[in-house]
Structure formats: C-alpha cells, structure tokens
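Data first, discussion second: the structure below is written as structure tokens.
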Amino acid sequence: LAQVFVRSKMIFAALRLLQAIMALLLVLFASLATYVDSTAAGALKLDSYTFDKVLSFPSQSVLVKFDAPYASGAKESEFELLCKMAHGVADFLVAEVEVHQNDAHGKEENHDLRDRFQLTKKDFPAYFLFRSAGDQHQKYTGAIKAPRIATWLRKQQIAVTHIPELAQSQNDEDIDN
C-alpha cells in the first residue's frame with residue numbers, strides 16, 4: 001500500500017511538471033506569433049482561444065490591453081514603452097487582445113472577449129490587470145501614459161521598473177485607481 005501511495009505521488013508530481021512545461025510552451029508559441037503580427041515587442045498576443053489558458057497560469061499576473069487591430073499613435077507608443085518597462089518583472093506578463101469588428105469581409109474576432117468585459121470601440125485601448133489564475137480583474141482608468149500605468153501597477157504590488165527620465169511630473173492624485 002505504501003508503494004502505491006509513493007507511485008501516485010510521483011505520478012501527480014510528473015503531471016504537475018508536464019502542466020508547467022505545457023504552459024511555458026504555450027507562452028513561447030504565443031510570443032513567437034507576436035513577431036508575425038502587429039503586437040508590440042514584449043507583449044503576448046492573446047485571442048479568444050488563448051485568453052483563458054494564459055490567465056490560468058498559477059501565480060502569474062497579466063496586464064491585458066484590449067484595442068483595435070493595428071493600433072498606432074501616441075497611445076500605442078506608450079504601450080510599447082510599458083512593455084519595455086515591464087519585461088524583467090517575474091511572474092508578470094503584458095498581453096494584447098486585438099478586437100476586430102466587422103471588417104470588409106464581415107469578420108469579427110475576439111468579440112466574445114469584448115462583450116465579456118463590456119467594452120465598446122470608444123473604450124479602446126482598455127487595460128485590465130488579472131491576478132494569479134482567476135477571472136478577478138481590475139480595470140485601469142487613468143491616463144494612457146506608461147509611467148502612470150507603471151505607478152498604478154506598483155500600487156497593485158507589480159514591481160514594474162520606474163524610469164525617472166521618462167516620467168513626467170506625476171502626482172499620486174493623478175492615478176485614478
């Protein structure tokens with residue numbers, strides 16, 4: 001009976017290791033896709049198929065940006081800067097979900113995620129912080145400036161790098177949540 005117990009513990013440990021390896025492979029393959037598509041360097045591209053899988057990683061926090069495809073301009077530049085600021089943070093990923101809405105071919109992508117988080121095109125870009133393997137999330141509602149988002153993340157105990165030369169005069173009262 002003791003041998004059966006020891007074997008079952010070994011099998012359980014092997015299954016947990018296999019699950020961790022699969023999660024790492026998912027992150028690796030998803031991150032390779034970012035080089036092919038329009039996602040910012042350092043951001044993980046998510047869609048309706050990968051969203052919940054990535055959020056299920058234990059002890060992993062994920063900041064997800066929901067946006068229109070092929071975003072550009074000042075807000076996208078801030079997102080790219082934020083990705084650079086966050087790249088070295090352990091157990092933290094920055095991700096992006098592109099929401100395609102009825103393009104010329106009538107194609108919609110990730111609309112289920114848009115609906116799930118009650119977003120409209122006017123809300124884009126929208127940032128949500130998801131904590132360790134759950135659907136619990138917090139929405140960032142402040143200005144779309146990398147230093148401000150980084151300050152908000154630090155208030156949420158995510159140790160994003162503060163780059164003083166990039167931060168413009170920023171007061172705590174400017175951080176909305």
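None of the values given here were measured: they were computed from a predicted structure. Here, residue 1 is the first one in the sequence, and each next residue gets the next number.
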Between E78 and A146, is there a donor-acceptor pair closer than 3.5 Å when you use the side chain of the first and the backbone of the second?
yes
What distance separates Q138 CD from K155 NZ, expressed to the nearest 0.5 Å?
12.0 Å
Taking Y49 for its side chain and D52 for its backbone only, find out whether a donor-acceptor pair lies under 3.5 Å.
no
Spacing of CD1 belonging to I158 relative to CD1 belonging to I149, to within rounding of 0.5 Å
13.5 Å
Within the distance-only criterion (no hydrogens, no angle test), does the side chain of N110 pair as donor or acceptor with the backbone N or O of E98 below 3.5 angstrom?
yes
Rounded to the nearest 0.5 Å, what's the gap from CG on L153 to CE on M85? Could you check?
9.0 Å
Rounding to 0.5 Å, atoms CG (L44) and CG (L63) come to a distance of 12.0 Å
Find the distance between CG (L113) and CG (L46) and round it off to the nearest 0.5 Å.
8.5 Å
What residues form a salt bridge (charged side-chain N to carboxylate O under 4.0 Å, His left out) with D67, not counting sequence neighbours?
K65
I need the minimum non-hydrogen distance between A68 and F124, along with the two atoms involved.
N-CD1, 3.6 Å
For the student: nearest non-hydrogen atoms of A95 and V62, plus distance:
CB-CG1, 3.9 Å
Which residues pass the side chain to side chain donor-acceptor pair (under 3.5 Å) test with S77, sequence neighbours left out?
none
Using a distance-only test with no angle check, is there a side-chain donor-acceptor pair under 3.5 angstrom linking T151 and R148?
no
Assign the ring pair Y70 / H100 to parallel, tilted or perpendicular, where the plane angle (0 to 90°) is split at 30° and 60°.
perpendicular
Could you pull out the closest heavy-atom pair between V94 and A86, with the gap in Å?
CG2-CB, 3.8 Å
Could you tell me which non-hydrogen atom of Q60 sits nearest to which non-hydrogen atom of D91, and how far apart they are?
NE2-C, 3.2 Å
Heavy atoms only: give me the nearest K139-L119 pair and the separation to one decimal.
NZ-CD2, 4.1 Å
Got a second to check how far L81's CG is from E76's CD, nearest 0.5 Å?
11.5 Å
Any donor-acceptor pair under 3.5 Å from S61 side chain to F92 backbone:
no
Evaluate the side-chain proximity of Q156 to Y140: yes if any heavy-atom separation is below 4.5 Å, no if none is.
no
Could you tell me whether the side chain of D123 and the main chain of T120 form a donor-acceptor pair under 3.5 Å?
yes
Would F117 and F130 satisfy ring-ring contact (aromatic ring centres under 6.0 Å, His included), going step by step from the backbone distance to the final call?
CA-CA 12 Å; F117 296 101; F130 295 85; 5.6 Å; yes
Least distance between heavy atoms, A41 atom then C83 atom:
O-CB, 3.3 Å
